[in-house]
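Below, read A as the first sequence line, B as the second, and so on, with proteins coming before strands; counting in each chain starts at 1.
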There are 4 protein chains.
Amino acid sequence: MKKNKPKYKQIIDAAVEVIAENGYHSSQVSKIAKKAGVADGTIYLYFKNKEDILVSLFQDKMGQFIEKIEQETNARQTAEEKLLKLVETHFEQLSADHHLAIVTQLELRQSNKELRQKINEVLKRYLAVIDQIVEEGVEENLFRRNMDPRLVRQMIFGTLDETVTNWVMKEQRYNIFEQAEEVHTLLVHGLSEPSS
Amino acid sequence: MKKNKPKYKQIIDAAVEVIAENGYHSSQVSKIAKKAGVADGTIYLYFKNKEDILVSLFQDKMGQFIEKIEQETNARQTAEEKLLKLVETHFEQLSADHHLAIVTQLELRQSNKELRQKINEVLKRYLAVIDQIVEEGVEENLFRRNMDPRLVRQMIFGTLDETVTNWVMKEQRYNIFEQAEEVHTLLVHGLSEPSS
Amino acid sequence: MKKNKPKYKQIIDAAVEVIAENGYHSSQVSKIAKKAGVADGTIYLYFKNKEDILVSLFQDKMGQFIEKIEQETNARQTAEEKLLKLVETHFEQLSADHHLAIVTQLELRQSNKELRQKINEVLKRYLAVIDQIVEEGVEENLFRRNMDPRLVRQMIFGTLDETVTNWVMKEQRYNIFEQAEEVHTLLVHGLSEPSS
Amino acid sequence: MKKNKPKYKQIIDAAVEVIAENGYHSSQVSKIAKKAGVADGTIYLYFKNKEDILVSLFQDKMGQFIEKIEQETNARQTAEEKLLKLVETHFEQLSADHHLAIVTQLELRQSNKELRQKINEVLKRYLAVIDQIVEEGVEENLFRRNMDPRLVRQMIFGTLDETVTNWVMKEQRYNIFEQAEEVHTLLVHGLSEPSS
DNA sequence: TATGAATGAGATTTCATTCAT
DNA sequence: GATGAATGAAATCTCATTCAT
């Protein structure tokens, strides 16, 4: 399995750095190779083509990202706690790796439609976690019944994604982790007064 | 004023069509010129360069988009009605112009950082409308006080944007306008039971 | 005769200014038209094409230049006096019109072979003046017999031209007219000691 | 060192040929690549851009040209002999490479000011040789004292350059080498009778 | 005469990918 | 497995010239 060879990881990590520092469109294969300390041609022993580097990068990093979220949310009891943990872990992980945050929120979005379609494949696992939590919330009579799962998913993911993107675009000048609770409240209670 | 000359509009509209049909990266200036029925060089009598076509396209179309939303929301009384109208008008307008929806939700996001920065400028006006509605809601005691306006903005815009993007990626196979009310409910009440 | 209409001269003079200020390759027809205060299309009522502007410019200005040299040298007695006057008048006239000096010494040399061939046509009249003076000098027993007229011509013209070009490239920071006498001496006596 | 790789020389030589045959403005990079037997992109492994090919060409060829002149003149005793050898070697070398003669005398002069400035840098070494010979001639009491070195340089270089240019423009239909002695006499003695 | 909007041909350079060593 | 020199396709923009008004 190529994925376990050291050069595979070297190249992925080099790609994250190079893209974060130079931007998507200035990240030539040769730059990635140089940063990874291998020859240009070597890249093609581990990846089919340039797109494959990016897809693998996303699968790898997002795989870990989602796995962590799965673990953390599973360790909580109620749907509300799980959702809070999801928001926190989402923010926490991207806070912890600034390069990765730039790459996933800004640079990789410049990729073409096909690449984005493959990226969406990876995200399905994340969306499944959301769906699961919401379902549990409904069963616990915490969340409303009869909500369209797709819309719920889009609200939750859209809110988190937009929040992180704004934070990255503001060059990460504030602490996004501190906002997890308020975001969670917004998702659970919306805009309205609890009583209204 | 060049913006009022007929060729200016011709070129903008051609650009929307070409980009929607071919994708951002396969939309050469020559293709746009051909679709607009002008010579390649004519493009440069109306636009500084290729990027200027895209920025102008976004400013033009989004300008109208936002104006419509301003008008429609202003014609409503309460913040809740205004917010519903905002969601409806947002969905309605993009439903009405499939090409434009593809271009704004998918293709223009592939542009580089500078272009996206200019796009964000245009969006500020939209975010101001959201802020205004939320403020009114607070004054009317409909919405909670002390919410972080930035987070609220990100929830609303993030949710709408994610919803539309998903609809476009699903090739617009369902009626998004019909979902306006449920999205509105999600934004106002969140996930939780009204009573909880 | 178009050459006597005011716009003809306007355009020629505009061309000299534009080329001197912007350089040959940045002197578009539209710039010349603007400086001349006419429409782009009007240029083509007076000149066949862009090259024709440049050829006409050279013919016009060099025509006057050579005429002056003919007059001044004719007013002298001996070949030596005539040659000195030729050098002086050559330097004097280019000193008097810095724009023209830049255009003839630097910018017009960037033109293509055909244009330069036409420019050489114009210069033939100048070379004839040189030939005439040298012949007279020989008859007066001032100059050596049996010199190859072509080589003599090339020495005189080459020396003057190189001298003026250097002066222009040094941004005309010294007085070239003051060097006329020494250049004349060099041409007449060469490098060697008069006695040697 | 790229300059010693065979492709470097191949490309330079191809450029000389292509420019001599097609003229400066019709010498596209692709034509040079084809003549050199390499792909277009290969050019850019050896040269920064098109201008860099031309500058390198001039530096390379003129470097050799001047070196030969330095060697040959150094091998002579008196300033007069050295000057004669300089003229001879100048003519000889350009006679020996017709393509190079066309390129340096006609085509490269069409380049823009920046390129010409770099070309002038290279020529400084040649002018230094001239200065040196003249100084020696003065010390040997062969040449006059108190001549302005700049003017002397301009006479010698201007004469040689004009002579070669005329020969090239006459399509090299006569033997320029045979004129070396007479040109030398003109430079040393000028126009006047030795006795006068 | 005069205008100026429109035309459209044409060339440099980049960079993902290959393949001989 | 590893290298890196070589490949070659592809697209923006300029500007001299035209021609309908």
Side-chain angles (χ1 to χ4, degrees), chain A residues 2 5-8 11 25-34 36-54, chain B residues 2 5-8 10-11 25-34 36-53, chain C residues 2 5-8 11 25-34 36-54, chain D residues 2 5-8 10-11 25-34 36-53:
Chain A
K2 280 186 174 167
K5 299 209 180 167
K7 289 208 174 151
Y8 181 88
I11 293 167
H25 287 293
S26 302
S27 296
Q28 295 81 1
V29 171
S30 61
K31 244 183 214 161
I32 296 173
K34 196 171 190 181
V38 301
D40 293 16
T42 305
I43 298 269
Y44 291 87
L45 298 174
Y46 293 88
F47 300 91
K48 227 174 46 247
N49 50 34
K50 188 181 181 181
E51 182 178 306
D52 190 30
I53 307 176
L54 304 175
Chain B
K2 277 188 174 162
K5 296 200 183 171
K7 293 219 166 130
Y8 181 88
Q10 263 175 57
I11 293 167
H25 284 115
S26 302
S27 295
Q28 296 81 355
V29 171
S30 61
K31 249 182 211 159
I32 296 173
K34 198 169 191 179
V38 300
D40 292 19
T42 305
I43 300 268
Y44 292 88
L45 297 176
Y46 293 89
F47 301 91
K48 237 182 24 256
N49 49 36
K50 189 180 179 182
E51 180 179 307
D52 189 32
I53 307 177
Chain C
K2 279 186 175 166
K5 298 210 180 166
K7 289 208 173 149
Y8 181 88
I11 293 167
H25 286 292
S26 301
S27 296
Q28 296 80 0
V29 171
S30 61
K31 242 183 215 162
I32 296 174
K34 197 170 189 182
V38 300
D40 292 18
T42 305
I43 298 268
Y44 291 87
L45 299 174
Y46 293 88
F47 299 92
K48 226 171 51 244
N49 51 34
K50 188 181 180 181
E51 182 178 305
D52 189 29
I53 308 175
L54 304 175
Chain D
K2 279 189 171 161
K5 296 199 181 172
K7 293 221 166 129
Y8 181 89
Q10 263 173 57
I11 293 167
H25 284 114
S26 301
S27 295
Q28 296 82 356
V29 171
S30 61
K31 249 182 212 160
I32 296 173
K34 197 169 191 180
V38 301
D40 292 18
T42 305
I43 300 269
Y44 292 87
L45 298 176
Y46 294 88
F47 300 91
K48 239 183 22 257
N49 50 35
K50 189 181 178 182
E51 181 178 308
D52 190 31
I53 308 177

Using a 4.5 Å cut-off on heavy atoms from C-beta on, say whether the side chain of D:Asn49 contacts that of D:Asp52.
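Yes. Closest side-chain heavy atoms under 4.5 Å.
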
In the structure I gave you, are the side-chain heavy atoms of B:Lys7 and B:Gln10 within less than 4.5 Å of one another anywhere?
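Answer yes - side chains close enough.
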
Backbone N or O of C:Ser26 within a donor-acceptor pair of the C:Lys31 side chain at under 3.5 Å?
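Confirmed, C:Lys31 side chain pairs with C:Ser26 backbone.
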
Nearest-Å distance once atom C1' is located in both E:dT1 and F:dT21
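Taking atom C1' in both E:dT1 and F:dT21, they lie 13 Å apart.
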
Contact class for B:Tyr46 vs. all strands (heavy atom < 4.0 Å): base, sugar-phosphate, or nothing?
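Sugar-phosphate: the residue B:Tyr46, judged by heavy atoms under 4.0 Å, touches backbone atoms but no base.
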
Considering every strand and a 4.0 Å limit on heavy-atom distances, what is the contact class for B:Lys31: base, sugar-phosphate, or nothing?
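Contact class for B:Lys31: none.
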
Nucleotide [N], atom [atom2] - distance to [atom1] of [X] in whole Å:
X: B:Ile53; N: F:dA11; atom1: CD1; atom2: P; value: 15 Å
X: C:Leu54; N: F:dA16; atom1: CG; atom2: P; value: 10 Å
X: B:Ile43; N: F:dC15; atom1: CD1; atom2: C1'; value: 17 Å
X: C:Lys5; N: E:dA2; atom1: NZ; atom2: C1'; value: 12 Å
X: D:Phe47; N: F:dA5; atom1: CZ; atom2: P; value: 16 Å
X: D:Ile11; N: F:dT7; atom1: CD1; atom2: P; value: 9 Å

Footprint string (nucleotides 13-21 of chain E, 5' to 3'): B base within contact, S backbone only, - free, heavy atoms under 4.0 Å:
BBSSBB---

Using the criterion of both pairing distances under 3.5 Å for Watson-Crick and G-U wobble pairs, give all stems of 3 or more consecutive pairs involving DNA chain F.
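Looking at DNA chain F, the stems formed by three or more consecutive pairs are E:2-21 with F:2-21.
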
ring-ring contact (aromatic ring centres under 6.0 Å, His included) with B:Tyr8: which residues, sequence neighbours excluded?
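Partners of B:Tyr8 under the ring-ring contact (aromatic ring centres under 6.0 Å, His included) test: B:Phe47.
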
Are any of C:Lys7's side-chain N or O atoms less than 4.0 Å away from OP1 or OP2 of E:dA2?
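Affirmative; the distance criterion is met.
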
